[in-house]
Amino acid sequence: MNNEVRVRFAPSPTGYLHLGSLRTALFNYLFARHNNGKFILRIEDTDQSRKVEGAVENLINIFNEMGLNFDEGPGIGGDFGPYFQSERLDTYKKYCDELLAKGHAYYSFETAEELEEMRRVQLTQGKQTMYDRRARQLTENEVKEKLASGIPHVIRLKVPLDSEIRFTDLIRGNVKIETNQVDDQVLLKSDGYPTYHLANVIDDHLMNISHIIRGEEWLTSVPKHIILYNAFGWKVPIMAHVPLILNPDKSKLSKRQGDVSTEDFLKKGYLKETLLNFMALLGWHPGEGEDREIFTIEELIGLFNIERVNSAGAVFNIEKLNWMNAEYIKQYDIDKLTELVIPYLNAGGIDTSDSAKTKRVVVAIRNYINKLDESAEQAGIYYKKVEMDAAQREITGTEISKQIFDNLILKVESLLEITIDNFKPVVSQVQKETGIKGKDLFMPLRLALTGVEHGPELGLIAYVLGKEEVLKRIKQVNQ
RNA sequence: GGCGCAUUAGUGUAAUUGGUUAACACGCCGCCCUCUCAAGGCGGAAAGUACGGGUUCGAUCCCCGUAUGCGCUACCA
């Protein structure tokens, strides 16, 4: 027996990665890495009606992009494959037969309509809606006959009655549920595919999963799983059910109220570092005395502790996400950032072939954007032609303006080049020498350089345009 | 309806597992910087810990009840 930590992320391939799933996966990842364990991907594709083409490839791509690497899974390999549940049907069948043989499961032959009718009646009687376990009454011969005549059937879990299941959740503590509340869950569907509950338990056991970290929506089905583990005589993995992520109105985070897919956030220009950092802190905190909120993934791994995950749902606050993303953008390595920004610039119709200028532009705009898709808009001013209307031309044409321009031209010409912070002192110098200050000084300059009355600080603009262009633009206005 | 889980400023969280003026961050407001817009700096408003009972010398923290929210209640996961 070894104590290796092995956790899994087990999504059903729905076509995109929900933020809630990303966080669940992240918690699994952090937990695995923190404990030098293994992080496994298993695809739960047992619902044939919900199959989505290309979903698995897409999923794996996103994880690669996010830098969350699996140790085992589809396309990666591992000793416990296959990692698609749809390829493990024989295994489920075999274990289901074992359950049948041991009397922990039974055949059931109701049609969908019969079940619906049963539920309808229960509802009108104000009773709990669950399978009334009627097929438990079938005699051995009746079952044999029905089987022989080819009536479609499912196999159900024979839940032990009048007892109680207790378990400990790493996040929630002790939970207790009476078995009479537990449905005789279908284990094997009439199409021969297992339900989540059966496949999940068998795979977690066979794949040596030590800890199950998954969404809160599974909490109430834990008793079914425990009954199964017990029926097989298997050890129950340690459980941790993480809280849900909520919309601002506290409902479960859903597509109706905005984007929920990780891909969408990436597309808008939220950095993967931001997303990881932010999602980790949504419902988790490293503990007392820690006021930082910006963490690298390595730091998160070092700090992570599943027991410190909060047990209440957390509202997804996009304002704070924006703030954090802006923080990352401001600190990011400039070359890497430039590389990331270029596609957004191009998408906005900006030509980035002058790579030196592009980099200067990124330096200039990084303090002004929350996410990368705002880049083109912010950068526009650096690529726009100077066009002034009559009123603006009047400002740049005054005697005062001419004085400023003449003075400035000489100074700029003597500069080797305009750097990020040497233009401002030059303007101050002009101010001293001409006695012109404030708006009178800056507005003519701003207009001459950009043709616009608002914008980033002049020093930045001059830096991006460069010495040559600055002189050219001022001289053009100063004719 | 039944069962389960949750509940600290608008939001995310903290509070040495009973003793603090209940802290930090986002957001908001104001001031400073300043040609403008951001960024940055400084400051402020904002919860008496859902409510009601206990236990205790003392409860955000432990127990019970109520309310509210959410989850589950499928041959979906």
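These values consider heavy atoms only, across backbone and side chains, with no hydrogens, waters or symmetry-generated copies. Every chain is numbered from 1, with letters handed out A, B, ... down the list of sequences. Nothing here was measured: the structure is a model prediction, and the numbers come from that model.
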Can you check whether [X] has a side-chain N or O nearer than 4.0 Å to OP1 or OP2 of [N]?
X: Lys320(A); N: rU13(B); answer: no
X: Lys250(A); N: rU11(B); answer: yes
X: Arg366(A); N: rA39(B); answer: no
X: Asn310(A); N: rA6(B); answer: no

Please determine whether any donor N or O and acceptor N or O are separated by less than 3.5 Å between the side chain of Arg446(A) and the base of rC35(B).
yes
Classify the nucleic acid contact of [X] as base, sugar-phosphate or nothing, counting any heavy atom under 4.0 Å across all strands shown.
X: Val452(A); value: nothing
X: Arg308(A); value: sugar-phosphate
X: Gly215(A); value: nothing
X: Glu293(A); value: base
X: Gly455(A); value: base
X: Glu457(A); value: base
X: Lys437(A); value: nothing

Atom-to-atom span, [atom1] of [X] to [atom2] of [N] - whole angstrom:
X: Asp162(A); N: rC3(B); atom1: CG; atom2: C1'; value: 16 Å
X: Asn367(A); N: rU36(B); atom1: CG; atom2: P; value: 18 Å
X: His454(A); N: rU36(B); atom1: NE2; atom2: C1'; value: 6 Å
X: Asn305(A); N: rA14(B); atom1: CG; atom2: P; value: 12 Å
X: Glu290(A); N: rU16(B); atom1: CD; atom2: C1'; value: 16 Å
X: Phe316(A); N: rU13(B); atom1: CZ; atom2: P; value: 13 Å
X: Ile245(A); N: rU13(B); atom1: CD1; atom2: C1'; value: 15 Å
X: Asp440(A); N: rU34(B); atom1: CG; atom2: P; value: 16 Å

For RNA chain B, whose closest nucleotide is more 5', that of Ile177(A) or that of Ile369(A)?
Ile177(A)
RNA chain B: Ile171(A) or Lys127(A), which has the more 5' nearest nucleotide?
Lys127(A)
So, do [X] and [Y] have ring centers that fall under 6.0 Å from each other?
X: Phe70(A); Y: Tyr29(A); answer: no
X: Phe39(A); Y: Phe9(A); answer: no
X: Tyr229(A); Y: His205(A); answer: no
X: Phe316(A); Y: Phe265(A); answer: yes

How would nucleotides 71-77 of chain B be written as a contact map, 5' to 3', with B for base contact, S for sugar-phosphate-only contact and - for no contact, using protein heavy atoms under 4.0 Å?
BSSSBBB
Considering only the [atom1] atoms, how many Å lie between [N] and [M], rounded to the nearest integer?
N: rU49(B); M: rG43(B); atom1: C1'; result: 26 Å
N: rU68(B); M: rC57(B); atom1: C1'; result: 34 Å
N: rA9(B); M: rA25(B); atom1: C1'; result: 13 Å
N: rC62(B); M: rA14(B); atom1: P; result: 14 Å
N: rA46(B); M: rG30(B); atom1: C1'; result: 15 Å
N: rC26(B); M: rU20(B); atom1: P; result: 27 Å
N: rG19(B); M: rC61(B); atom1: C1'; result: 11 Å
N: rU16(B); M: rA50(B); atom1: C1'; result: 27 Å

Checking Thr262(A), Asn370(A), Asn325(A), Asn322(A) against Tyr270(A) for side chain to side chain donor-acceptor pair (under 3.5 Å), the one that qualifies is Asn322(A)
If only side-chain N and O atoms count, and only distance matters, is there a donor-acceptor pair under 3.5 Å linking Arg172(A) with His241(A)?
no
What distance separates Glu44(A) CD from Ser12(A) OG, expressed to the nearest 0.5 Å?
7.5 Å
A quick test of your reading: do over 12 heavy atoms of other residues, nucleotides or ligands sit less than 6.0 Å from [atom1] of [X]?
X: Glu377(A); atom1: CD; answer: no
X: Glu53(A); atom1: CD; answer: no
X: Lys384(A); atom1: NZ; answer: yes
X: Gln429(A); atom1: CD; answer: yes

Between the base of rC26(B) and the ring of Trp323(A) - centre-to-centre under 5.5 Å, planes within under 30° - is that a stack?
no
Side chain of Ala312(A) - closest among rA25(B), rU7(B), rG4(B)
rU7(B)
Starting at the 5' end of RNA chain B, what dot-bracket string do you get if Watson-Crick and G-U pairs under 3.5 Å are bracketed, crossing pairs use [ ], other-strand pairs use | and unpaired bases use dots?
(((((((..((((.....[...)))).(((((.......))))).....(((((..]....))))))))))))....
Are the side chain of Gln185(A) and the backbone of Leu187(A) linked by a donor-acceptor contact shorter than 3.5 Å?
no
rG48(B) glycosidic torsion: syn (within 90° of 0) vs anti
syn
